[in-house]
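Structure first, then comments.
Quick note on labels: first sequence line is chain A, next is B, and so on, each numbered from 1.
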Number of protein chains: 2
Amino acid sequence: MDTIDTELAARIRDDIIHGVYAEDERLSEAKLCETHQVSRTPVRLALRRLEREGIIQRGEWRGYKIQSPTISDILQAVQVRGHLESLAARLMAQSPTRAEHLPDMAEAIRVIDDLTSQGRLDEDAIHQMQAANKVFHTTMLEACGNEYVNFTCQQISHLPMLAAGSMVFDRRVHDSPDQIERGIFRLRIGNAQHQVIYEAIKHGDAVRAEGMTREHSHTMIEYIETFEKRDESLTVSDLVAYSAAESDLLKS
Amino acid sequence: MDTIDTELAARIRDDIIHGVYAEDERLSEAKLCETHQVSRTPVRLALRRLEREGIIQRGEWRGYKIQSPTISDILQAVQVRGHLESLAARLMAQSPTRAEHLPDMAEAIRVIDDLTSQGRLDEDAIHQMQAANKVFHTTMLEACGNEYVNFTCQQISHLPMLAAGSMVFDRRVHDSPDQIERGIFRLRIGNAQHQVIYEAIKHGDAVRAEGMTREHSHTMIEYIETFEKRDESLTVSDLVAYSAAESDLLKS
DNA sequence: TCACTTTATTTGGGATCCCAAAGTCAAGTC
DNA sequence: GACTTGACTTTGGGATCCCAAATAAAGTGA
């Protein structure tokens with residue numbers, strides 16, 4: 001069953017990432033109990049988890065220091081994740097049972113291709129593409145034959161942008177047809193990379209699968225960096241808002 | 001400060017890995033309180049951690065199922081770690097500040113070279129070589145410029161053989177000069193790989209650094225597999241005993 | 001003897017409390 | 001005004017308890 005401490009960890013993490021706390025502010029158990037109207041037991045459990053994730057640091061008898069992830073942290077973690085996914089791609093390409101999973105990946109590619117071909121970049125299209133992207137990436141992680149690749153990805157998936165299938169969208173693409181076209185184009189590039197990965201895996205070309213998966217994640221890193229260059233005061237919260245990862249923005 | 005729950009998690013994990021519990025046995029908070037003479041609070045905290053590590057699985061209101069890591073799990077995790085280290089090697093090779101860290105790596109290589117040149121494989125020599133190996137690997141992880149490589153490695157370092165610098169030793173090498181020579185030879189091979197990695201990093205050859213680091217971890221995987229082939233009833237506990245990772249065996 | 005019901009026990013989630021450690025603040029001294 | 005000291009407050013570690021949920025055991029009737 002879902003316990004209070006698990007959900008609480010998610011809420012506190014979200015608050016930290018969205019800058020609810022000041023940089024020098026320290027968390028305390030009592031404060032969190034009051035804020036979230038729970039007792040200290042689930043708060044303690046949640047804080048241990050966040051400590052393990054590296055986004056708070058426990059002082060001795062003196063509350064918790066916040067270490068909110070930075071854009072740099074996210075870029076580094078995305079690089080690590082991409083590298084892990086490249087291992088998954090290589091292993092899947094070498095797997096004798098890979099054919100079983102190719103249809104799911106092919107379908108995901110088709111969904112994104114259909115939507116981008118129609119020039120759609122509305123919220124519903126974004127939602128569908130993100131779901132398809134998630135299927136593509138999680139299939140690879142789960143079908144590569146090494147459970148610890150997926151397990152290790154999960155250990156860092158608490159960070160923004162690190163959830164399976166996270167995609168970055170420039171939310172301003174709605175402003176003008178020119179920007180919409182650029183957004184669609186970028187998605188098509190990404191999906192073309194999906195296609196190459198798929199073909200490489202299908203044909204057992206491990207080197208190509210690995211290389212293109214690595215390139216695929218690098219594309220995301222470069223895109224995040226363009227946001228950063230354009231807006232030097234870009235925060236993680238901003239980036240999360242840009243992201244199509246399952247978020248409150250999408251839910252609203 | 002060290003808390004009871006952190007140490008308790010380590011002890012329970014150790015007990016699980018060493019087969020103290022039967023396969024079908026379930027852990028309960030009350031039992032662990034009794035066994036370790038502590039209250040439920042630190043037990044609960046420790047169990048949450050072990051659950052996150054994947055070696056126990058929480059039932060709803062019904063104790064915890066043990067999922068002791070298998071040899072296969074370890075091989076998979078070592079592969080993941082090796083892949084992460086190959087990223088660290090590549091990044092370090094590309095880092096403009098890499099020269100600062102080369103002396104530590106060179107010294108580690110020298111220590112292992114000296115000891116193997118002397119044909120030493122006694123406990124003290126093993127201890128020194130393991131410490132040097134740890135320096136070599138942790139330097140690379142810490143100096144690669146991406147903190148999440150190290151962070152991610154740490155997330156799986158609870159598994160046997162996944163601690164930084166873990167080395168596998170065939171403890172029977174003490175039996176005969178022939179076996180000692182084979183053990184020494186294998187260590188020299190590994191250290192020769194260290195040398196290649198070092199040179200590649202020194203000269204900024206990222207591809208070579210990455211490739212050899214990957215090969216280096218593969219060597220360890222193959223070695224573990226030789227144990228497995230030789231002894232089909234090999235357990236994780238056996239493997240830990242073979243390992244030179246910091247363990248009770250070495251301390252005794 | 002078997003199926004069903006009832007009762008007892010086990011179990012974890014969470015609330016609450018005690019205690020020691022660390023920091024803050026006010027009062028006193030030089 | 002600076003420094004010291006003691007009292008007070010804050011804080012987390014851990015112990016203990018209550019409660020609901022799940023399982024096991026005992027009792028009952030056909």
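- Rounded to whole Å, atom P of C:dC17 lies 16 Å from atom CD of A:E29.
- Protein atom NZ of B:K65 is 16 Å distant from nucleotide atom P of C:dG12, rounded to whole Å.
- Here the C1' atom of nucleotide D:dT11 and the CZ atom of A:R58 are 13 Å apart, to the nearest Å.
- Residue A:R26 has no polar side-chain atom (N or O) positioned under 4.0 Å from OP1 or OP2 of D:dT11.
- The aromatic rings of A:H137 and A:H194 sit perpendicular, their planes meeting at an angle over 60°, well past the 30° parallel limit.
- Straight-line distance from the CH2 atom of B:W61 to the C1' atom of D:dA22: 10 Å, rounded to whole Å.
- Inspection of the B:R11 and B:H36 side chains reveals an N or O donor paired with an N or O acceptor under 3.5 Å.
- Screening B:E225, B:M161, B:E228 against B:I71 for a side chain to side chain contact (heavy atoms under 4.5 Å, CB included) leaves a single residue, B:E228.
- Rounded to an integer number of Å, the gap from A:E60 CD to D:dG13 P is 9 Å.
- Nearest-nucleotide assignment on DNA chain C puts the 5′-proximal partner with B:K31, out of B:K31 and A:R62.
- In this structure, A:E51 CD and A:K65 NZ are separated by 13.0 Å, a value rounded to the nearest 0.5 Å.
- Taking atom CD of residue B:E25 and atom P of nucleotide C:dT11, one finds them 11 Å apart after rounding to whole Å.
- Between the side chains of B:Q76 and B:S72, at least one donor-acceptor pair of N or O atoms lies under 3.5 Å.
- Residue-level contact check: B:L8 touches neither bases nor backbone, having no heavy atom under 4.0 Å from any strand.
- In this structure, the CG atom of B:L50 is 14 Å from the P atom of C:dG12, given to the nearest Å.
- In this structure, the side chain of B:S95 does not engage the main chain of B:L91 through any donor-acceptor pair within 3.5 Å.
- Annotation: proximity of residues 36-45 of chain B to DNA chain D (heavy atom, distance under 4.0 Å) is found for B:V38, B:S39, B:R40, B:T41, B:P42, numbered in ascending order.
- Contact check, B:R48 against C:dG13: a side-chain N or O comes under 4.0 Å of OP1 or OP2.
- To the nearest 0.5 Å, the span separating CZ on A:R90 from OG1 on A:T213 amounts to 11.0 Å.
- For A:I4, taking side-chain heavy atoms from C-beta onward, the closest of the listed nucleotides C:dG12, D:dG13, C:dG14 is C:dG14.
- The distance from atom OH of B:Y64 to atom P of C:dT10 is 18 Å, rounded to the nearest whole Å.
- For A:T3, the listed nucleotide lying nearest its side chain is C:dG13; candidates were D:dG13, C:dG13, C:dA22.
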